[in-house]
Amino acid sequence: MAVIRKSPEELMIMREAGRITALALQAMREAIQPGISTLELDRIAADVLRKHGAKAAFLGYPPGGPHPFPAHITASINEELVHGIPSEDRILKEGDIVSLDFGAVYNGFVGDSAFTAGVGSISPEAQKLLEVTEQALYVGIDKARAGRETADISRAIQKFIEGYGYGIVREYTGHGVGRSMHEEPQVPNWWPSGRQRIRGWRSVVLEPGITFAIEPMVTLKRPETMLLADHWTVVTADGSLCAHFEHTIAITPEGPPLILTAL
Ligand code: MG
Ligand code: MG
């Protein structure tokens, strides 16, 4: 599959999709407190979508699959990394960390963004994990410039995270974003060294108009993950805490990229 470059007009629509995504994430962030359920957070995101005439990228995803995702957001608590299903029974409590991932579809284009936040006051080690993972996202964004390659982003994120001794999740990666939520290029948070190759991975030279999500997923201890029996929730295999930060960006002709999912 080829990498799809977007026209200036398409980028304007993607910016709006990204802005709506950011508004929903901000509204949910403000609502995070002990006692709220992840289903209530899902309703907040659905309200923002309705107000802006947008749809949820995750609801019913993947189309035609055996287990379409049943909600607007994914909400993952503590050892849950990604793809947690919102539920009225999942109540946030003091000291938890929660990862919220959300995508809006506006005029046919997708925005994809995520953050992890503490509920009330959290442990210093959890706080540090959140800070480093968010910083890793910006380390990657800073490398996303015309003329560089996706592998430059991957290597920079890897080096930064490994400097703290944390684990980098291998199974999930950043990805191109456009009319569909997952397109080329794939943007892992690490890069094979030496002769090692991963099937399907190639480093892509960045050109203006290429749009993709960068999304480091970082674990406090071991990086291996497991899929729960609900077909969606991904947890760390050793039960350790994990964090996830994501933005969708667009490569510009010169200088840093445009962060499409910023407010
Ligand atoms: Mg993504
Ligand atoms: Mg996402």
Side-chain angles (χ1 to χ4, degrees), residues 13-63 65-122 126 130 134 172 177 180-182 213 215 217 227-235 242-248 260-263:
I13 301 172
M14 285 195 69
R15 176 67 183 110
E16 188 57 17
R19 200 180 64 87
I20 296 165
T21 302
L23 286 170
L25 284 167
Q26 186 197 37
M28 290 189 280
R29 187 191 284 274
E30 286 168 1
I32 290 172
Q33 58 173 323
I36 195 167
S37 74
T38 55
L39 189 64
E40 287 172 271
L41 296 175
D42 187 86
R43 290 200 191 108
I44 289 169
D47 280 346
V48 172
L49 288 175
R50 211 171 298 123
K51 247 181 235 155
H52 291 86
K55 291 191 177 122
F58 301 174
L59 186 65
Y61 188 90
H67 306 288
F69 193 76
H72 303 83
I73 68 166
T74 74
S76 311
I77 303 171
N78 296 332
E79 79 284 0
E80 297 172 354
L81 173 70
V82 286
H83 307 165
I85 300 172
S87 162
E88 61 184 346
D89 301 326
R90 298 304 304 277
I91 311 285
L92 300 183
K93 58 182 198 304
E94 181 90 17
D96 283 342
I97 60 173
V98 60
S99 299
L100 301 179
D101 196 342
F102 178 68
V105 188
Y106 180 76
N107 274 1
F109 284 90
V110 176
D112 188 7
S113 182
F115 68 85
T116 306
V119 182
S121 74
I122 60 175
L130 266 50
E134 184 168 22
Y172 304 91
V177 178
S180 72
M181 187 160 57
H182 295 109
E215 47 181 317
M217 298 175 202
L227 182 64
L228 297 188
D230 65 10
H231 304 288
W232 280 105
T233 310
V234 175
V235 299
C242 48
H244 177 209
F245 283 83
E246 175 181 29
H247 271 309
T248 304
L260 296 166
T261 45
L263 273 184

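Everything quoted here is computed from the prediction, not taken from an experiment.
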Per side-chain contact (heavy atoms from CB on, under 4.5 Å), Val82 is matched among Glu215, Glu246, Met217 by Met217
Compute whether any side-chain donor of one residue and acceptor of the other, for Tyr61 and His182, lie under 3.5 angstrom apart. yes
Pro34 and Gly120 have their tightest heavy-atom pair at CD-N, 4.4 Å
Sole candidate of Leu23, Val48, Ile73 that passes side-chain contact (heavy atoms from CB on, under 4.5 Å) when paired with Met28: Ile73
Would Ile77 and Glu80 satisfy side chain to side chain contact (heavy atoms under 4.5 Å, CB included), going step by step from the backbone distance to the final call? CA-CA 5 Å; Ile77 303 171; Glu80 297 172 354; 4.0 Å; yes
Start with the C-alpha distance between Arg43 and Glu40, add both sets of side-chain angles, then the distance that settles salt bridge (Lys or Arg N to Asp or Glu O under 4.0 Å), and finish with yes or no. CA-CA 5 Å; Arg43 290 200 191 108; Glu40 287 172 271; 5.8 Å; no
Determine whether Glu16 and Asn107 make a side-chain contact, defined as any pair of heavy atoms from C-beta on separated by less than 4.5 Å. no
Hey, are the side chains of Thr261 and Leu25 touching, using non-hydrogen atoms and a 4.5 Å cut-off? no
Does Leu260 offer a backbone N or O that forms a donor-acceptor pair with the side chain of Arg15 under 3.5 Å? yes
Exercise: identify the closest heavy-atom pair between His72 and Phe102: O-CD1, 3.3 Å
Kindly compute the distance separating CD1 (Ile85) from CG (Asp230), expressed to the nearest 0.5 Å. 4.0 Å
Side-chain donor or acceptor of Thr116 paired with backbone N/O of His244 under 3.5 Å: yes
So does Ser87 get a backbone contact from the side chain of Thr38, meaning a donor-acceptor N/O pair under 3.5 Å? yes
If every non-hydrogen atom of Asp96 is compared with every non-hydrogen atom of Ile91, which pair is closest and at what distance? OD2-O, 4.3 Å
Could you walk me through whether Ser76 and His83 pass the side chain to side chain contact (heavy atoms under 4.5 Å, CB included) test, one step at a time? CA-CA 7 Å; Ser76 311; His83 307 165; 5.6 Å; no
Point-to-point distance, once rounded to the nearest 0.5 Å, from CG of Leu49 to CG of Leu59: 9.5 Å
About how many Å separate CG of Asp101 and OG1 of Thr74, when rounded to the nearest 0.5 Å? 4.0 Å
How far apart are the closest heavy atoms of Ala17 and Phe109, and which atoms are they? CB-O, 3.4 Å
Side chain to side chain contact (heavy atoms under 4.5 Å, CB included) assessment of Asp112 paired with Phe58: CA-CA 10 Å; Asp112 188 7; Phe58 301 174; 3.9 Å; yes
Any side-chain heavy-atom pair from Val177 and Met14 closer than 4.5 angstrom? yes
Spacing of Phe115 atom CZ and Arg29 atom CZ [to the nearest 0.5 Å]: 4.5 Å
Starting at CD1 of Ile97, measure out to CD1 of Ile122 and round the result to the nearest 0.5 Å. 6.5 Å
Heavy-atom closest pair (Ala243 atom, Leu81 atom, distance to 0.1 Å) is O-CD1, 4.1 Å
Smallest heavy-atom separation, Ser113 atom then Thr21 atom, equals CB-CG2, 3.9 Å
Mind checking whether His67 and His231 have parallel, tilted or perpendicular rings, split at 30° and 60°? parallel
